[in-house]
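We count ligands from 1, going down the list as the structure has it; atoms in each ligand are counted the same way. Computed over heavy atoms, backbone and side chain alike; hydrogens, waters and symmetry mates excluded.
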Amino acid sequence: MGPDRVVIFDTTLRDGEQSPGISLNATEKLEIAHQLARLGVDVIEAGFPIASPGDFEAVRAIAREVHGPVIAGLARAHAADVERAAEAVRDAERPRIHTFISTSDIHIEHQLQSTREDVKGSARAAVAHAKSFVDDVEFSPMDATRADAEFTAEVVQIALDEGATTINVPDTVGYATPQEYARFLTRLYELVPGLRDVVLSVHCHDDLGLAVANTLAGVQAGARQVECAVNGIGERAGNASLEEFVMLLATRAADLGFATGVNTREIARTSRMVSRLTGYPVQPNKAIVGRNAFAHESGIHQDGVLKDRSTYEIMDATTVGLEGNDLVLGKHSGRHALKSALQELGFSVEGQALNTAFKRFKEIADRKKTVTAMDLEALVTDELRDGLRSYTLKWFDVDVSNRRPPHARVAVQTPDGDEVLGDFTGDGPVDAIFRAINAATRREARLREFRIDAVTAGQDALGEASVVLELSGQSASGQGVSTDIIEAAAQAYVRALSNCERKVLAHAQQPALPEAELTPAP
Ligand code: KIV
Ligand code: ZN
């Protein structure tokens with residue numbers, strides 16, 4: 001008998017996108033969704049359509065354009081949420097509505113300020129309503145691992161009676177241990193025999209660093225869908241990391257006996273894309289995708305690996321796509337060479353987008369001897385970043401000297417198309433240009449984080465800047481790429497500002513729901 005197939009449900013674009021400071025525009029979400037399809041995930045949770053018009057549009061675009069995986073939209077157990085999710089996923093080849101309500105008394109009393117009876121009613125109504133739009137309905141009893149198993153079982157039974165096809169049991173606050181989680185699921189199977197006729201799913205947060213361990217315990221207890229996110233991003237400490245869980249099943253297949261449909265060679269590229277577009281760096285020692293995950297530092301380890309890789313390596317870096325990026329272009333490479341290099345990297349860039357990419361490529365190739373696969377990835381993702389209604393950096397001057405404070409002047413195009421000017425004398429060149437942008441746009445954005453990384457090694461490497469700003473209580477990130485680090489920083493700043501403004505607007509437009517029926521966004 002072959003290995004048991006585990007469904008990979010990717011929530012990078014929903015739970016992952018809820019990480020503080022992340023604000024992906026629709027084009028960025030679509031590009032990530034296409035890459036998730038290439039990676040071979042089974043389900044893409046594309047967003048939370050009622051959260052904002054931007055979220056709705058992104059889910060709808062993914063549903064229309066991304067083929068292969070099931071496309072899911074999240075909805076609280078409320079009619080308006082379910083209807084919005086249904087509309088957003090309607091055009092998908094295989095649409096799913098994922099609805100949820102908390103079953104823990106902590107949530108019912110303090111957050112929902114409701115009763116167990118009302119929770120049962122809301123769950124019944126939400127699943128029935130979702131079922132009137134799509135066949136594929138997932139139901140989650142939120143905060144299940146801190147809830148009473150008997151009550152959770154009653155709610156799960158109601159969801160099954162109304163036709164739910166997947167039951168997801170979240171460890172919402174990352175509190176459970178693997179043994180407790182497995183016991184909880186086993187108890188649910190005992191209390192709800194019908195659970196064996198649908199797909200049981202697990203959704204684990206990493207607050208105690210146990211998300212992947214709990215996910216494995218869940219699968220060993222019978223779950224056959226795993227909810228996870230690329231690079232483990234998500235609320236607070238994040239979700240179970242997709243790459244860790246997939247490689248756990250692949251590397252230990254002989255002992256565990258489970259398989260996924262993921263093309264593991266796409267893992268590294270997916271991780272880089274998500275990190276780049278979200279602005280969330282991957283820690284160097286992160287399992288599977290960290291810079292050092294396959295590096296050997298100590299003499300003894302290096303000696304062993306040179307003699308035989310199996311001495312200190314349990315996986316081959318090529319199986320996760322970490323090696324083999326040896327594609328190189330130079331300043332004499334033409335449009336055709338660029339197009340086929342991009343195709344090899346999984347980007348299909350045509351028409352005007354190809355012209356823009358070619359122009360940027362030429363500018364960079366003039367300043368840098370060779371343009372590598374990593375540089376091209378950084379360039380193409382950079383082109384996706386300017387969403388609708390964005391500020392654009394038109395030009396800047398920065399006077400830098402160690403004898404007087406640096407002075408910056410900038411011209412910025414506003415979302416309405418006006419060109420505004422600003423200048424500022426700051427503590428350093430980056431501080432000066434950031435404050436000059438605030439002066440030009442008349443915004444009091446506060447810098448929360450700033451980082452510069454080199455895309456590749458070498459003195460002429462592209463610089464990649466990431467900025468997190470806060471504006472009117474909303475925080476958002478922006479990124480920029482250039483061989484000039486001041487330009488990369490300024491690009492990142494105007495993009496973060498645009499993303500903040502979009503979030504402020506979306507927040508102001510969020511529909512008001514009756515308090516008793518409202519579960520705050522997960
Ligand atoms: O963590 C959680 O409980 C969630 C649910 C919406 C599944 O994200
Ligand atoms: Zn979650």
Side-chain angles (χ1 to χ4, degrees), residues 7-20 22 43-51 55 59 70 72-78 81-82 84-85 88-89 96-108 110-112 119 122-123 126-127 130 136-147 151-152 155-156 159 164-176 181 184-185 188 198-212 214-215 218 223 225-242 245 517-522:
V7 168
I8 297 294
F9 175 115
D10 179 276
T11 188
T12 307
L13 293 172
R14 199 279 296 166
D15 211 318
E17 223 250 346
Q18 285 170 215
S19 316
I22 295 187
V43 186
I44 295 175
E45 188 167 48
F48 184 27
I50 200 149
D55 246 43
V59 176
V70 168
L74 185 69
R76 292 167 292 193
H78 186 276
D81 276 43
V82 170
R84 200 75 175 136
V89 298
R96 175 181 294 186
I97 297 174
H98 175 193
T99 186
F100 70 96
I101 191 162
S102 297
T103 55
S104 73
D105 289 329
I106 303 178
H107 280 206
I108 296 173
H110 301 297
Q111 192 173 31
L112 300 179
V119 164
S122 297
V127 175
D136 187 350
V137 174
E138 174 170 336
F139 174 75
S140 295
M142 190 165 165
D143 203 22
T145 53
R146 291 193 301 166
F151 176 63
T152 303
V155 179
V156 165
T165 41
T166 297
I167 298 291
N168 176 49
V169 181
D171 182 29
T172 302
V173 290
Y175 181 71
Y181 196 43
F184 191 84
L185 298 179
L188 281 186
V198 298
V199 177
L200 178 65
S201 168
V202 285
H203 176 112
C204 301
H205 280 270
D206 208 28
D207 301 66
L208 293 171
L210 289 172
V212 172
N214 284 342
T215 300
Q225 174 178 284
V226 160
E227 302 200 353
C228 47
V230 175
N231 298 339
I233 60 172
E235 277 288 350
R236 305 177 311 277
N239 286 84
S241 141
L242 179 147
F245 186 72
E517 293 168 342
L518 192 81
T519 308

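Between the side chain of Asn214 and the main chain of Ala176, a donor-acceptor pair closer than 3.5 Å is present.
Shown in contact with Asn168 at under 4.0 Å from a heavy atom are these atoms of ligand 1, numbered in order with element: 7 (C). Atoms of ligand 1 lying under 4.0 Å from at least one heavy atom of Met142, given by number and element, are 3 (O). Near His205, meaning under 4.0 Å from one of its heavy atoms, ligand 1 places the atoms 1 (O).
Under the rule for a side chain to side chain donor-acceptor pair (under 3.5 Å), Arg84 has no partner lying at least two apart in sequence or in another chain.
For the pair Asp143 and ligand 1, the shortest N or O to N or O distance does not fall below 3.5 Å.
Taking 2.8 Å as the criterion, Glu235 does not count as a coordinating residue of the Zn ion (ligand 2), since none of its N, O or S atoms falls below it.
Using modelled atom types and a 3.5 Å distance limit, the side chains of His98 and Glu45 yield a donor-acceptor pair.
Within the 4.5 Å cutoff, side-chain heavy atoms of Glu227 are placed close to those of Ser201. Between Thr165 and Phe139 the shortest side-chain heavy-atom distance does not fall below 4.5 Å. In this structure the side chain of Ile8 reaches within 4.5 angstrom of the side chain of Cys228, judged on heavy atoms.
To the nearest 10 degrees, the angle centred on the Zn ion (ligand 2) between OD2 in Asp15 and NE2 in His203 reads 90°.
Residue contacts with ligand 1 include Arg14, since one of its heavy atoms falls under 4.0 Å from the ligand.
When heavy-atom distances to ligand 1 are checked against a 4.0 Å cut-off, Asp15 comes that close only through its side chain, counted from C-beta outward. At a heavy-atom distance under 4.0 Å, no atom of Glu227 approaches ligand 1.
Residue-level check: among N/O/S atoms of His205, NE2 sits closest to the Zn ion (ligand 2).
The environment of Tyr175 atom OH is sparse: at most 12 non-hydrogen atoms of other residues, nucleotides or ligands sit within 6.0 angstrom.
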